[in-house]
Visitor: 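This is the structure I have questions about; it appears just below.
Index from 1, following the sequence. Note that this is a predicted model, so its numbers are computed, not measured.
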Amino acid sequence: MTEPTEPSTSSSLARDPTTVVHPRREPFEHGLLPIPRLIFSDPAQTLIPLKQKLLELSSNQRVDLAAISESLQISIEHARLVLDTLASILHSDSEPLVVANLVEIDSVGVDVHDLVLFLYIQSYKRLLPRTHKDSAAVTDVWPSTSAFDGYLSALSPLQVNSSFSFHPRFFRDAIRCVIIPDSLVRSNSRRFMPSQADEEAHQLSYLQKHLANIVSLLAEPVEGEGDESLCLGRVVKVAASNPGNNFSACGCIVAYRVLTMDRFEHLGFLIQFGDKGSEGNSFSQCSPFFANSDPDMPAVPVPAAQVHDWLLQNVAAALEYISERTSSKENGPASASDQDVAMTDASTVSVKVSTGTRGASFIEGISKSSYAKHASDIKGSSVKVLNCHESAIYILAPLRYATVYGCSDATIVLGAVGKAVRVEHCERVHVIVAAKRICIANCRECVFFLGVNQQPLIVGDNHKLQVAPYNTFYAQLEEHMSEVGIVPTVNRWNEPLALGMVDPHDSLSHPAGVSDVQAESATLVDPDQFTNFVIPSWLVEESTGSTKDNPFTLPDAYMASQHKNHKNLEEIRQLLREASLEESRKRELSSALHVYFKDWLYASGNIRQLYCLQGD
């Protein structure tokens, strides 16, 4: 055994952003599943024997679909969901599960240690959604929930106009003043995502609290008695007196435990150094323990307690760094990703986009506008669309991750997302996306036009969701899909999987007896109501892209409806051309068509697509 490497002290840790430790956000943002059997009240006690059981079922430290189902006592469907979720959030792009095709995933399986860490963080609780600092600023862009909303949305434009003598949008605004009983108002009210700094600090604090157990799950014992000062159990001795913890009488988990370089590398699932994360060096190369290891020689294992101390000091320094950065921002101008953004007109759209830490691009606070982003505009591999209202947002780029949060009355087109999309706390939003997978949580009266390789996941308190096949294209779409690994021949848009209505990972209190209630699933859009979505040509980058049509094949019923609509349109055009009308009657007909079309634009929400015609 080599001499122990002395960990750096907190005061000596560099403040260079490239060396600051960060939590990997992907497991916390896209990797939490509301499946009760995956959530353990005491993960440290439960996962140690479970890990041994999983290792016994595997000869190569990997477990397949059947082994996961048997060990966790979950259905094959839920076991496959676990594998699909892990494939979307693992940190190494060379991991066999990540590179496996859709057919191979079940048999390739996952490394036991990655699975155990994934199960451990299912105990994580998200931060509570925040309220807007200036609620008056958003009153006009997010109408209060009303008992009349469902009635209005169910009416056709002609029915609405015959029921009321004024436009339905004006009526909706007027009834906001009516006092509605609490029993008629649903729980999906305005939500604002916590700031990036607050979320990161919350995730780091969770890791700080659970670091000893996490390192212990990866460590392995060595024969013989080790130095007590190197025993990981000494850092958790204080917990030995707590009931339910699986510690020995001396307070040590095991006499002497070490981490090999391979086991140490699994910590990169939860932690990264600098902004690049897995896109930079491997996790072990960022540590003082294995940084100069000879690739042709096995590295000497490191005492687990030493690894724990080093990580703990780095996490403490990172929390201090976040605190200092937050304090400096409070005394100066803040970025769009770390502050509440008041809703403004189209003339100020340009200030709503920012690039946050670790390559995430934020589009926040767009109101009554049209906005487009292309591959050349996106820095990093993920996008977050936050608190946008009555707008059309186009993100025509290849991405790894995308989040849509707190939006209302908007159309959002996401190009090609190779890992995962999450749409949360949205109302009356149309989302059009080609993606590997999508999770929909706590949304209301939204329509999703999907080209997805995995089942759409629906969790939380949803209401009147609809799903439909993918319905658009742009010149570079197929190129972007190929770049991020989306298969156009597989589209599971019509197989939504609904889990629990209550998300055990939030910090909200829930009424007794609802934890086992299944989330409301989505219905399929009627083929006769399905239409293609045309992205305005002037919003598309000039390119030699080869995509000329929707890359996903439409189901027969939707294709037949398209043909029928085109045929009807041609017949109407022919009738109009052949009609011998006086000039005054032609003007009346033109005016009537214009009125009906305008009513349809407002009633269907498609009026938002015309914001791109507004001048600055």
Side-chain angles (χ1 to χ4, degrees), residues 152-161 168-169 370 372 390-396 404 407 409-415 423 426-435 438 440 443 445-452 456 464-475 477 488 491 493-494 496 522-540 547-574 576 593-613:
L152 284 176
S153 63
L155 296 179
S156 70
L158 297 182
Q159 288 173 314
V160 171
N161 286 337
R169 292 180 71 223
S370 182
E390 296 191 75
S391 297
I393 311 292
Y394 305 88
I395 314 296
L396 309 181
V404 180
C407 298
D409 301 290
T411 296
I412 299 170
V413 182
L414 300 172
V423 182
C426 291
E427 295 191 9
R428 299 176 297 280
V429 168
H430 289 191
V431 176
I432 305 172
V433 61
I438 185 171
I440 303 163
C443 291
E445 297 180 41
C446 296
V447 186
F448 299 87
F449 298 87
L450 304 176
V452 287
K464 290 187 177 180
L465 302 184
Q466 291 181 287
V467 291
Y470 193 73
N471 68 339
T472 194
F473 71 93
Y474 57 95
L477 178 58
N491 190 0
W493 67 274
N494 59 342
T523 59
L524 307 188
V525 168
D526 189 303
D528 289 336
Q529 301 299 318
F530 177 82
T531 58
N532 287 323
F533 182 89
V534 179
I535 298 172
S537 58
W538 56 88
L539 294 180
V540 179
T547 305
K548 306 296 183 185
D549 202 353
N550 187 342
F552 295 95
T553 302
L554 281 179
D556 291 342
Y558 291 85
M559 185 67 76
S561 178
Q562 292 276 288
H563 291 324
K564 184 180 73 174
N565 290 338
H566 290 157
K567 181 180 178 182
N568 291 341
L569 179 60
E570 286 305 315
E571 290 177 354
I572 292 173
R573 283 175 173 171
Q574 185 65 26
L576 291 176
L593 289 174
H594 179 78
V595 169
Y596 283 125
F597 179 63
K598 186 176 180 181
D599 284 345
W600 174 80
L601 283 175
Y602 279 106
S604 65
N606 288 309
I607 187 65
R608 66 181 71 112
Q609 296 175 36
L610 302 184
Y611 285 128
C612 56
L613 301 178

Visitor: Write down the atom of Pro496, the atom of Trp493, and the distance for their closest heavy-atom approach.
Guide: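 Shortest heavy-atom separation between Pro496 and Trp493 comes out as CD-O, 4.2 Å.
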
Visitor: Name all residues meeting the side-chain hydrogen bond (donor to acceptor under 3.5 Å, both in side chains) criterion together with Thr547; count only those two or more places apart in sequence or in a different chain, and write none if there are none.
Guide: Glu478

Visitor: Looking only at heavy atoms, what is the nearest atom pair of Val429 and Cys407, with distance?
Guide: CG2-O, 3.5 Å

Visitor: Counting only heavy atoms not in Asp556, do more than 12 fall under 6.0 Å of its CG?
Guide: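 Atom CG in Asp556 is not crowded, with 12 or fewer foreign heavy atoms closer than 6.0 Å.
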
Visitor: Any chance you could measure Glu390, atom CD, to Arg428, atom CZ, to the nearest 0.5 Å?
Guide: 9.0 Å

Visitor: State which residues pass salt bridge (charged side-chain N to carboxylate O under 4.0 Å, His left out) with Glu571; sequence neighbours excluded, sorted by chain then number.
Guide: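 Glu571: no salt bridge (charged side-chain N to carboxylate O under 4.0 Å, His left out) contacts found.
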
Visitor: So do the side chains of Phe449 and Thr472 get within less than 4.5 Å of each other, counting heavy atoms only?
Guide: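 They are not in side-chain contact.
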
Visitor: Nearest 0.5 angstrom please: His430 NE2 to Glu445 CD, how far?
Guide: 10.0 Å

Visitor: Considering residues at least two apart in sequence or located in another chain, which fulfil the side chain to side chain contact (heavy atoms under 4.5 Å, CB included) criterion with Glu570?
Guide: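 If we apply the side chain to side chain contact (heavy atoms under 4.5 Å, CB included) test to Glu570, skipping adjacent residues, the hits are Arg573.
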
Visitor: Residues in ring pair (Phe, Tyr, Trp, His ring centres under 6.0 Å) with Tyr470, at least two apart?
Guide: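 Listed in chain order: Phe552.
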
Visitor: Which pair of non-hydrogen atoms, one from Pro527 and one from Ala557, has the smallest distance, and what is that distance?
Guide: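 Closest approach of Pro527 to Ala557, heavy atoms only: CB-O, 3.7 Å.
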
Visitor: Could you check Phe533 against Thr411 for side-chain contact (heavy atoms from CB on, under 4.5 Å), going step by step and ending with a plain yes or no?
Guide: CA-CA 10 Å; Phe533 182 89; Thr411 296; 3.8 Å; yes

Visitor: For Tyr558, give me all partners under side-chain hydrogen bond (donor to acceptor under 3.5 Å, both in side chains), at least two apart in sequence or on another chain.
Guide: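 Residues passing side-chain hydrogen bond (donor to acceptor under 3.5 Å, both in side chains) with Tyr558: none at all.
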
Visitor: For residues Cys443 and Val423, report the shortest heavy-atom separation together with the two atoms involved.
Guide: SG-O, 3.6 Å

Visitor: Determine whether Leu554 and Phe530 make a side-chain contact, defined as any pair of heavy atoms from C-beta on separated by less than 4.5 Å.
Guide: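 Leu554 vs Phe530: side chains touch.
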
Visitor: Could you state the interatomic distance from CD (Gln562) to CG (Asn471), rounded to the nearest 0.5 Å?
Guide: 8.5 Å

Visitor: Can you name the salt bridge (charged side-chain N to carboxylate O under 4.0 Å, His left out) partners of Asp526, sequence neighbours left out?
Guide: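 Residues passing salt bridge (charged side-chain N to carboxylate O under 4.0 Å, His left out) with Asp526: none at all.
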
Visitor: When rounded to the nearest 0.5 angstrom, what distance separates CG in Asn550 from CG in Leu477?
Guide: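 Asn550 CG to Leu477 CG: 8.0 Å, rounded to 0.5 Å.
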
Visitor: With a 3.5 Å distance limit and no angle check, can you tell me whether Asp528 reaches the backbone of Ser561 through a side-chain donor-acceptor pair?
Guide: no

Visitor: Listed by chain and number, what are the side-chain hydrogen bond (donor to acceptor under 3.5 Å, both in side chains) partners of Gln529, not counting sequence neighbours?
Guide: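 Here no residue qualifies.
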
Visitor: How many angstroms lie between CD1 in Ile432 and CG in Leu414, if you round to the nearest 0.5 Å?
Guide: 9.5 Å

Visitor: Given side-chain contact (heavy atoms from CB on, under 4.5 Å), test Cys446 with Ile440 step by step and report yes or no.
Guide: CA-CA 10 Å; Cys446 296; Ile440 303 163; over 6 Å; no

Visitor: Applying side chain to side chain contact (heavy atoms under 4.5 Å, CB included), can you list everything that pairs with Ala435, at least two apart in sequence or on another chain?
Guide: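 For Ala435 the side chain to side chain contact (heavy atoms under 4.5 Å, CB included) partners, ignoring immediate neighbours, are Val417, Val421, Val433, Val452.
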
Visitor: Tell me, please, which residues at least two apart from Asn494 pass side chain to side chain contact (heavy atoms under 4.5 Å, CB included).
Guide: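 With neighbours one apart ignored, the set is Leu524.
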
Visitor: Can you tell me how far the CD1 atom of Ile535 sits from the CZ atom of Phe473, to the nearest 0.5 Å?
Guide: 8.5 Å

